[in-house]
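See below for the structure under consideration.
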Amino acid sequence: MVETFEQEFAELCQARFAIGVSNGTDGLRFALMAAGVRPGDTVVTVPMTFIATTEAISQAGARFDLVDIDARTYTMDPERLRTYLEHDCVRDPKSGRLTSKRTKGPVTAVVPVHLYGQVADMDPILELADRYGLIVLEDACQAHGAEYVSRREHKRYRAGSIGRAAAFSFYPGKNLGACGEAGAITTNDPTIARACRLLRDHGQSAKYMHDIEGYNGRIDAIQAGILSAKLKHLPAWNAQRREHARRYAELLGDFGERLILPYEPEWSQSVYHIYAVRVRDRERLREHLNEEGIGTGIHYPVPLHRLKAYEHLGYREGDFPVAERTGAQELSLPMFPELVAEQQHTVAKAVQGLLGRPPL
Ligand SMILES: *Cc1c(COP(=O)(O)O)cnc(C)c1O
């Protein structure tokens, strides 16, 4: 069942290999280790993500540096990455190796996060990574089946087939969810695939033949079986989510800056894991919708650099203003495949009940 699911999932992602693992966090850790991130290295990611992204980096023995997100897509801002590489790092002119001024460690990898179901703008990120010799690993834990149109290659890519490797989560709430914990790594690189297979299973190359010390990070066969059954429906479910997003935009109307709807650039086909809107007085709208019987979420109220867990790193308010504003204003409206038009009408009515009708 595990092998069958791995094959099916690799196909969905248009990647050569998929390796089933215990969860998305372990998947990201194994991918980092297998791709060559070493203890003491520095890995660049974003402050607007679930903490699992940086947990995996720390668990691989590395440290992280952060670059802010784009104000419209909420994914890694390639310009911020450029500024970071040019100004916050030192490059050894002989070896070309990059050192972070903050961590004093070698910068070896970048982890863009495909947030809310939308792939980060990978073209400029890959270009910068090429120039600086960095490994790119996708945190695709929210982006099963999402697509990215590469302008430089005139080619459509599926999430999970763009970087050296990618991590997916099948936590029950994700677009493809198990009945419990599960995850996967995808890659086109046979060496990385093999290393991930060792890492997830105590380093075993054959029964009781342990080539390295690994982890207990396998996927359960029963989860793989459930995921195989559900995978067949994923394209239809993602299409339904996209249709709901289109209808929300139509029903809610254009409030301009007062209610900012998700932005999907022409190079992206999002799978709307989350339908994230931004509103200045979020608590008021959240309460109002709650009173109308409409549940909402917040993803994520506190950016990583402001979490207690990372207090010791000495970041301050204002360090990543776009992530901070997004964290303060983001509200997730109901989004799931089974959502029906009538429910979306109810949501839109309730939003307009508070904000008024949008100007034409
Ligand atoms: C869900 C998620 C993870 C972690 O996945 P788990 O399966 O819960 O370990 C990592 N990164 C992001 C962005 C996620 O949304």
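These figures come from a predicted structure and were not determined experimentally. Position 1 is the first residue of the sequence, and the numbers go up from there.
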Ignoring hydrogens, what is the shortest heavy-atom contact between H114 and A143? Give both atom names and the distance. CB-CB, 3.6 Å
Is it true that D201 and R218 have a side-chain N and a carboxylate O under 4.0 angstrom from each other? yes
Linking I/L/V/M/F/W/Y whenever any side-chain heavy atoms sit under 4.5 Å apart, do M48 and L137 land together? yes
Does the D92 side chain pair with the main chain of K94, one donor and one acceptor, at a distance under 3.5 Å? yes
Given 3.5 Å as the limit, does a donor-acceptor pair link the side chain of K230 with the main chain of G177, or not? yes
pair V37-V43: side-chain heavy atoms closer than 4.5 Å: yes
What pairs of residues pass the ring-ring contact (aromatic ring centres under 6.0 Å, His included) test when at least one of them lies in residues 72-97, not counting sequence neighbours? Y74-Y116
Going by distance alone, is a donor N or O of one side chain under 3.5 Å from an acceptor N or O of the other, for N175 and H273? yes
Do you know which two heavy atoms are closest between V113 and A120, and how far apart they sit? O-CB, 4.2 Å
Check whether Q352 reaches the backbone of G356 with its side chain - one donor and one acceptor, N or O, closer than 3.5 Å. no
Verify the distance criterion only: is there a donor paired with an acceptor across the side chains of E55 and T25 at less than 3.5 Å? no
Closest heavy-atom contact between D121 and T75? N-OG1, 4.2 Å
Under-4.0 Å salt bridge between D281 and R286: no
Expected output: side-chain R278 to main-chain R258 donor-acceptor under 3.5 Å: no
Quick one: does T186's side chain have a donor or acceptor within less than 3.5 Å of a partner on G160's backbone? yes
Heavy atoms, side chains only, cut-off 4.5 Å: are V322 and D70 in contact? no
Thinking salt bridges, do E11 and R16 make one under a 4.0 Å N-O criterion? no
Scanning both residues in full, the closest heavy-atom pair of R306 with E317 reads NH1-N, 3.2 Å
Side-chain (R63) to main-chain (T103) donor-acceptor, under 3.5 angstrom: yes
Qualifying residue, where the test is side chain to side chain contact (heavy atoms under 4.5 Å, CB included) with F64 and the options are D41, T53, L313: L313
Taking 4.0 angstrom as the limit, do E147 and R158 come out as a salt bridge? yes
Are L28 and I19 linked, directly or through other ILVMFWY residues, by side chains that come within less than 4.5 angstrom of each other? no
State which residue, out of R242, Q118, R72, fulfils the side-chain hydrogen bond (donor to acceptor under 3.5 Å, both in side chains) condition with E264. R242
Checking T54 side chain against I51 main chain: does a donor-acceptor pair fall under 3.5 Å? yes
I'd like to know whether OH of Y171 has more than 12 heavy-atom contacts from other residues, nucleotides or ligands below 6.0 angstrom. no
For E213 and H202, test the side chains for any donor-to-acceptor distance below 3.5 angstrom and give the result as yes or no. no
Hey, quick one: are I162 and V271 part of the same hydrophobic cluster, counting side-chain heavy atoms closer than 4.5 Å, chains of contacts allowed? no
Using a strict cut-off of less than 4.0 Å between a Lys/Arg side-chain nitrogen and an Asp/Glu carboxylate oxygen, indicate whether R102 and D65 qualify as a salt bridge. yes
Checking S228 against T4: is there a side-chain donor and acceptor pair closer than 3.5 Å? no
Check E311 with K308, please: is the shortest side-chain N to carboxylate O separation under 4.0 Å? no
Return the minimal non-hydrogen interatomic distance between L304 and F50, and the atom names on each side. CD2-C, 4.3 Å
Side chain to side chain donor-acceptor pair (under 3.5 Å) partners of residues 336-346, not counting sequence neighbours, each pair once: R247-Q344
Connected to F336, directly or through other members, by ILVMFWY side-chain contacts below 4.5 Å are Y248, L252, F255, L259, L261, Y272, Y275, V277, V279, L285, L289, I294, I298, L331, L333, M335, L339, V347, V351, L354, L355
Check: R156/Q269 side-chain N/O donor and acceptor closer than 3.5 Å: yes
Quick one: closest heavy-atom pair of A140 and F168, and the distance? O-CD2, 3.2 Å
Hey, is D68 close enough to R80 for a salt bridge, meaning N to O under 4.0 Å? no
Check the orientation of F30 and Y215. Use parallel for under 30°, tilted for 30 to 60°, and perpendicular for over 60°. tilted
Do the side chains of L115 and L81 join up, straight or via other hydrophobic residues, at under 4.5 Å, putting them in one cluster? yes
Does the side chain of E324 pick up a donor-acceptor pair with the side chain of T326 at under 3.5 Å? no
Same hydrophobic cluster for I192 and L126, using side-chain heavy-atom links shorter than 4.5 Å among ILVMFWY? no
Would you say the ring centers of F170 and H144 fall short of 6.0 Å from each other? yes
